[in-house]
Every structure is written in structure tokens, then in C-alpha cells.
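To start, the structure itself, in C-alpha cells.
Order of the sequence lines sets the chain letters (A, B, ...), proteins ahead of strands, with each chain counted from 1. Since we're looking at a predicted model, the values are computed, not measured.
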Amino acid sequence: MKNVRVRFAPSPTGIPHIGNIRTALFAWILAKKHNGKFILRIEDTDQNRYDPQSELAIIESMNWLGLAWDEGPEIGGNYGPYRQSERKNIYIDIAEKLIESGKAYYDDTTPEQLESLRKHQKEQKLPPRYDGRGRKRTEEQIKKSREKGVPITVRLKVPDFGKISFIDKVRGKIEIDAKEIDDFVILKSDNMPTYHLAHVVDDHLMKISHVIRAEEWISSTPRHILIHQALNYSLPEYVHVPLILGSDKSKLSKRHGSTSVLEYKKQGFINDALFNFLSLLGWSPGDDRELLSKEEIISEFELNKINSSSAIFDLNKLEWMNGVYIRGYSNKELIEKIKPILESENESIGLPKSIKRPLDESYLIKIIPLIKERIKTLNEISELIDFFYDNNIKNTVENIIIKKLDSSETIRILNKSINILNDIKSFKSELLESSFRNLVEIEKIKPGQLFTSLRFALSGKKIAPPLFETMEVLGRAKCIKRVSNAIMLVK
RNA sequence: GGCCCCAUCGUCUAGUGGCCUAGGACACAGCCCUCUCAAGGCUGAAACAGGGGUUCAAAUCCCCUUGGGGCUACCA
């Protein structure tokens with residue numbers, strides 16, 4: 001494939017969700033695969049819905065996932081500007097040319113009139129459709145309306161016969177009767193173009209080779225074909241990627257819970273895992289492989305392997321995959337990802353505020369192997385390891401009492417345990433384990449009985465990392481102190 | 001309502017006329033391992049929406065039905 005130029009063209013009207021970003025991801029992958037260009041274009045032609053925050057969110061989302069663009073706002077490029085509001089005059093010129101060539105016309109039908117037209121059609125069970133009344137308006141009439149302050153739009157003249165067809169790369173030929181399409185607005189009364197006009201013009205001017213967008217655009221593609229024809233533009237390749245649905249099978253939206261990419265970041269998901277997971281929603285390499293690096297995805301990616309049916313977002317599988325990625329990182333790599341979270345001031349994901357920052361990496365790196373295979377998201381970590389930092393272990397007598405034994409027996413055995421902790425030559429997990437197993441044998445109890453009690457004594461938790469590795473990391477002094485405290489509690 | 005798109009286990013998917021007794025993964029269940037929890041290993045349950053064609057042969061091609069989704073704005 002030659003000169004692949006693809007764009008991601010979000011409109012800054014909200015925080016980009018998984019579906020938008022998955023589309024961007026596919027476009028990015030295609031560009032990378034063919035050494036093409038990936039372009040970011042901001043489609044801010046709707047000034048009513050414009051939300052300045054969302055442009056930032058779009059950029060942050062893309063950066064996080066590693067979807068770097070070659071051309072775009074700020075960084076520029078040879079086909080700028082890349083923000084549609086800054087291209088306003090281009091669209092106005094083109095709309096005027098279309099009018100001059102008789103392919104479009106001014107319309108002074110008011111929104112109220114359109115509203116009542118639609119209402120009328122609905123009552124008569126007709127499909128709501130603009131009736132082309134503006135075609136009959138004279139220059140003079142439009143001029144008068146304009147002077148009176150009536151909003152004027154520009155509409156494209158659409159033939160009411162014939163068929164419009166196009167090839168979609170994932171579905172094949174799609175055809176529709178021209179009479180299904182009315183004379184639609186291409187320039188709004190605020191002189192901003194509609195999406196239809198703006199993106200066709202920009203894609204052409206920016207030499208976009210593949211229009212990669214979501215399936216919801218299929219039904220308006222015939223309009224875009226019409227604009228191409230009116231302007232004598234050659235058609236790009238159309239690639240309509242399947243929608244991502246929520247668990248209720250409707251188009252993913254806010255009511256499906258967290259849908260924004262940044263939300264997943266916040267929840268402790270890893271960018272590479274999300275990238276991998278998203279790439280598999282609506283695409284597969286054609287075999288059983290699921291854990292793929294970016295490089296593998298790029299080299300395996302083919303447009304004709306994109307699915308035509310929509311996919312439901314399965315959080316369970318994302319969590320599993322995130323766990324796989326966590327386990328796959330070296331301790332060093334994991335530290336980089338984990339440290340900022342543990343140091344976070346946010347109590348729900350960070351270590352208690354009482355623990356002083358920055359965290360000592362040489363201590364942290366000893367803890368990480370113990371929890372690596374026990375977490376699915378980064379956010380679960382601090383709860384699992386806080387006792388390594390916080391010496392204030394909370395316990396109940398019931399936790400410490402060795403199962404099936406009474407308190408005096410418990411105290412006696414825990415004292416023996418302290419002796420072991422005290423006397424052991426080297427404070428290594430293997431040696432600790434064999435010594436405590438020896439004690440268990442002498443006392444004729446089950447390993448689990450003693451170990452559970454010790455686990456509570458050291459961590460205050462029922463569920464914790466392996467006991468002897470934990471002891472080794474904590475070190476002799478802390479272990480003795482904590483077991484002593486447990487004995488005190490039982491007394 | 002009209003138009004368009006889609007249809008394999010609960011979910012993501014493999015499958016492009018014979019390799020299908022339909023494969024993998026997540027989730028689920030059981031077992032093993034085991035100091036808890038995980039991780040790991042093994043096993044299991046689980047799908048071609050229905051009906052017609054075409055063909056020696058259909059999950060795969062065609063048609064209809066059903067179901068789902070999308071669009072139907074001076075929003076994108």
C-alpha cells in the first residue's frame with residue numbers, strides 16, 4: 001500500500017471513550033504498518049457542544065496509549081491547520097463554489113419551519129425528510145431574508161433518482177437509493193460547515209487515503225459520496241469498523257460505567273494491556289494468539305481481518321490480560337509503574353499518608369515479586385502491601401489464637417516462634433520455612449494452624465503474600481516485634 | 001415507521017465449501033499443587049438463531065423469517 005495517510009478526527013465534545021480510541025488505534029496501526037502518516041484533526045465545528053477540556057483528554061488518552069501523530073494541531077504539518085474552526089474560510093469558499101456551479105443553494109427555512117415539516121411528515125407516517133423547498137427560493141428572496149436576520153444555510157442538491165454505492169473495506173459493496181437522501185445542510189447558519197462537508201474537504205485536502213471510522217457512519221456515507229462527486233474529488237478507501245457495545249448491547253456510552261480511556265488508567269490498568277485488548281476487539285490475527293506486542297499487532301494487522309459485527313466490551317478479560325502484563329514485567333519495570341501509585345495522596349490507591357515519601361526503591365523491589373502474581377490492576381497493590389510499611393498492625397485475639405488450641409498453648413508456641421526468629425542464623429525464607437515446619441512437627445499441629453496465626457501477627461491480614469518471604473523482607477526485628485505484640489494481645 | 005449494517009459457546013474470537021465429532025481465550029465448575037490468596041497444571045460444561053434452497057458435500061454460498069444494532073439534526 002502506497003502513501004497511507006490516515007487520520008483520527010475526534011470532535012472535542014466530551015471525553016473520548018474506548019470506542020473512539022479503538023478506532024484511532026486501528027488507524028494508527030495501519031499507518032505504522034505501511035510507513036504512512038497518522039494525523040490528528042480536531043473537528044470543532046459545533047460551537048454549542050464544544051468543550052475545551054475534552055481536547056486535552058483526547059491528547060492525554062492518545063499519549064498514554066502511545067498513539068503518536070505525525071501531523072496535528074500544535075505540531076503542525078504540511079496540510080494544516082488541523083483544527084477545523086481555523087479552516088472556516090476554506091469551507092465557506094467551497095460552499096460558495098458549489099452554489100455558483102448550481103450544485104448547492106441557499107436556504108432560508110427556519111428551524112421552526114423544519115420542525116413543523118417534520119412533525120407533519122411524522123403524522124402522515126412519512127419519513128421525516130427535508131422537502132427541498134429552498135431550491136425554489138430566488139436570490140432576491142434570500143437577500144431579503146438575510147436582511148431580516150433569518151438564518152441562512154447552504155444545502156446540497158441531491159438527485160432524487162439513481163443509486164449511490166460505495167465499497168466498504170470490511171463489508172463490501174453498500175448501496176442505497178438516492179431518493180432516501182434529502183438536500184442536507186453543508187454550511188450552517190453560523191457559517192460553520194457540517195461534519196459532512198468539513199471532513200470530505202479536509203480528507204481531500206489532507207490527502208487522506210483511508211477513512212477509518214465507526215460503523216455508525218455507514219448510513220451517511222452516501223452523502224459524503226455525493227459531496228465528493230459535486231466537488232470532483234476522488235474517493236478514499238472507506239473502512240467502517242464495528243461498534244463497541246456495552247453489556248446491554250447498545251452503543252457504548254456513559255451509562256455503561258467507565259468508558260473513557262483515562263478512567264481505565266485511573267483504575268490501574270496498564271497502557272500496553274489496554275492496547276493489546278482493544279486491538280482484539282473487532283480484529284484478530286487469524287489464529288489463537290491473544291497476547292501480542294505492539295510490533296506483532298502492527299505486522300499482523302490487515303484490514304480484511306477486521307470483523308463486521310460489533311463487539312461487547314468484556315471487563316473480565318481486560319482484567320485478566322492486565323494481570324498477564326503485570327506478571328510479565330520485570331521488578332524494575334513494575335516499580336516505575338507502581339511507585340507513583342503507592343505514593344499517591346489518594347487514600348484509596350496510595351499507601352497511608354503517615355508513610356513517608358518518596359518510597360525506598362531497594363525495599364520496594366523486594367516486595368514486588370511477592371505480589372506480582374496476585375494483582376490484576378495496579379490499584380490493588382497498596383492494600384496488599386501496606387503492612388510492609390505500616391507497623392501499626394491491627395488484630396483481634398481471635399485471629400491470633402491458633403486454630404483448635406487455646407490461648408495458653410498459642411502463647412507458648414508463639415514464644416517458641418520468637419525464639420526461632422531470634423536464633424536463626426540467616427534470616428532467609430528457606431531456612432525460616434524449614435525451621436517453622438520443624439516446630440509444627442514437634443508441636444504435632446498442622447502447618448496451616450501456626451502459619452495462619454503468624455500471618456495475622458505479621459500482616460494483620462487473612463490474605464497476604466507468602467509467609468516466609470514476607471518474614472525475610474520484613475526482617476528479624478520487625479517480625480519479632482509483631483509476634484510479641486500478638487502475644488501481648490492474647491494475654 | 002423508513003433506510004442501512006450485523007448474526008459461531010455468557011463474552012472476545014478461529015473458521016473463507018470437504019481438514020468441524022466446530023478450535024482457542026476470558027469467565028464459570030471440579031480436581032491437582034499449596035501456609036492464606038494468587039499464579040500454574042489437568043478436566044468439564046458451554047455455540048454455528050430458524051426455515052428453505054444451491055452442491056456429491058454448507059458454520060462457510062443464495063433467499064426468506066427472526067433477532068440485535070446503527071442512522072434518520074443547522075451533532076459529530
Side-chain angles (χ1 to χ4, degrees), chain A residues 9-14 43-46 48-49 107 109-111 114-115 118 121-122 125-130 151-155 168 170-171 174-177 179-182 184-196 198-199 213-222 240 242-243 245 247 249-251 277 280-291 304 307-321 323-324 327 370-376 384 433 436-437 440 446-456 459 461-468:
Chain A
S11 95
T13 53
E43 308 224 322
D44 55 348
T45 54
D46 185 345
N48 298 320
R49 294 200 307 156
D107 181 34
T109 314
T110 63
L114 290 170
E115 185 60 35
R118 271 194 288 270
Q121 287 165 327
K122 245 191 163 169
K125 305 223 158 139
L126 290 165
R129 208 166 282 165
Y130 176 69
I152 310 288
T153 61
V154 177
R155 288 179 184 268
D168 176 70
V170 344
R171 282 153 244 270
I174 293 173
E175 193 173 62
I176 180 180
D177 281 330
K179 66 174 189 301
E180 298 293 337
I181 301 169
D182 58 11
F184 57 95
V185 173
I186 55 175
L187 200 71
K188 301 184 264 188
S189 58
D190 62 359
N191 270 339
M192 276 294 198
T194 58
Y195 168 81
H196 306 305
H199 95 274
R213 60 181 17 165
E215 188 188 338
E216 56 194 326
W217 291 106
I218 288 180
S219 27
S220 44
T221 305
H240 288 101
L243 256 23
L245 273 27
S247 44
K249 296 192 173 183
S250 70
K251 199 164 91 169
F277 179 76
L280 258 19
L281 238 39
W283 174 81
S284 95
D287 53 38
D288 289 343
R289 286 173 299 159
E290 297 197 290
L291 271 357
N304 60 17
N307 272 308
S308 43
S309 53
S310 23
I312 292 172
F313 187 87
D314 182 8
L315 187 62
N316 254 328
K317 192 154 182 173
L318 206 213
E319 283 176 340
W320 161 77
M321 195 173 274
V324 173
R327 275 170 257 141
L370 309 189
I371 49 113
K372 216 170 164 173
E373 57 195 32
R374 298 183 155 70
I375 51 169
K376 287 189 166 124
L384 201 55
E433 175 160 5
F436 278 98
R437 284 195 185 278
V440 160
K446 289 252 192 317
Q449 289 176 274
L450 205 216
F451 297 172
T452 302
S453 174
L454 286 173
R455 177 174 304 108
F456 269 118
S459 69
K461 295 176 197 294
K462 174 160 189 345
I463 296 168
L467 185 58
F468 303 105

[X] near the nucleic acid: base, sugar-phosphate alone, or nothing, with a heavy-atom cut-off under 4.0 Å?
| X | result |
| --- | --- |
| A/Leu280 | sugar-phosphate |
| A/Asn307 | sugar-phosphate |
| A/Ala464 | base |
| A/Arg289 | nothing |
| A/Thr221 | nothing |
| A/Pro222 | nothing |
| A/Pro10 | nothing |
| A/Gly323 | nothing |
| A/Pro465 | base |
| A/Lys462 | base |

[atom1] gap between [N] and [M], integer Å:
| N | M | atom1 | answer |
| --- | --- | --- | --- |
| B/rC6 | B/rC63 | P | 12 Å |
| B/rC4 | B/rC61 | C1' | 22 Å |
| B/rA7 | B/rG15 | C1' | 15 Å |

What's the closest nucleotide to the side chain of [X] if the choices are [options]?
| X | options | answer |
| --- | --- | --- |
| A/Ser189 | B/rC12, B/rA76, B/rC74 | B/rC74 |
| A/Ile218 | B/rG10, B/rC35, B/rC4 | B/rC4 |
| A/Lys317 | B/rC35, B/rA73, B/rC12 | B/rC12 |
| A/Arg171 | B/rA27, B/rC6, B/rG2 | B/rC6 |

Basic-acidic side-chain contact under 4.0 Å: A/Asp190, A/Lys188: no

When both hydrogen-bonding distances must be under 3.5 Å and the geometry is Watson-Crick or G-U wobble, what is [N] paired with, if anything?
| N | result |
| --- | --- |
| B/rC33 | none |
| B/rA46 | none |
| B/rG10 | B/rC26 |

Residue whose nearest RNA chain B nucleotide is more 5′ - A/Leu281 or A/Ser220: A/Leu281

Closest-nucleotide 5' rank along RNA chain B - winner of A/Pro447 and A/Ser308: A/Ser308

Check: A/Asn307/A/Ser309 side-chain N/O donor and acceptor closer than 3.5 Å: no

B/rA76 phosphate, OP1 or OP2, under 4.0 Å from A/Lys188 side-chain N/O: yes

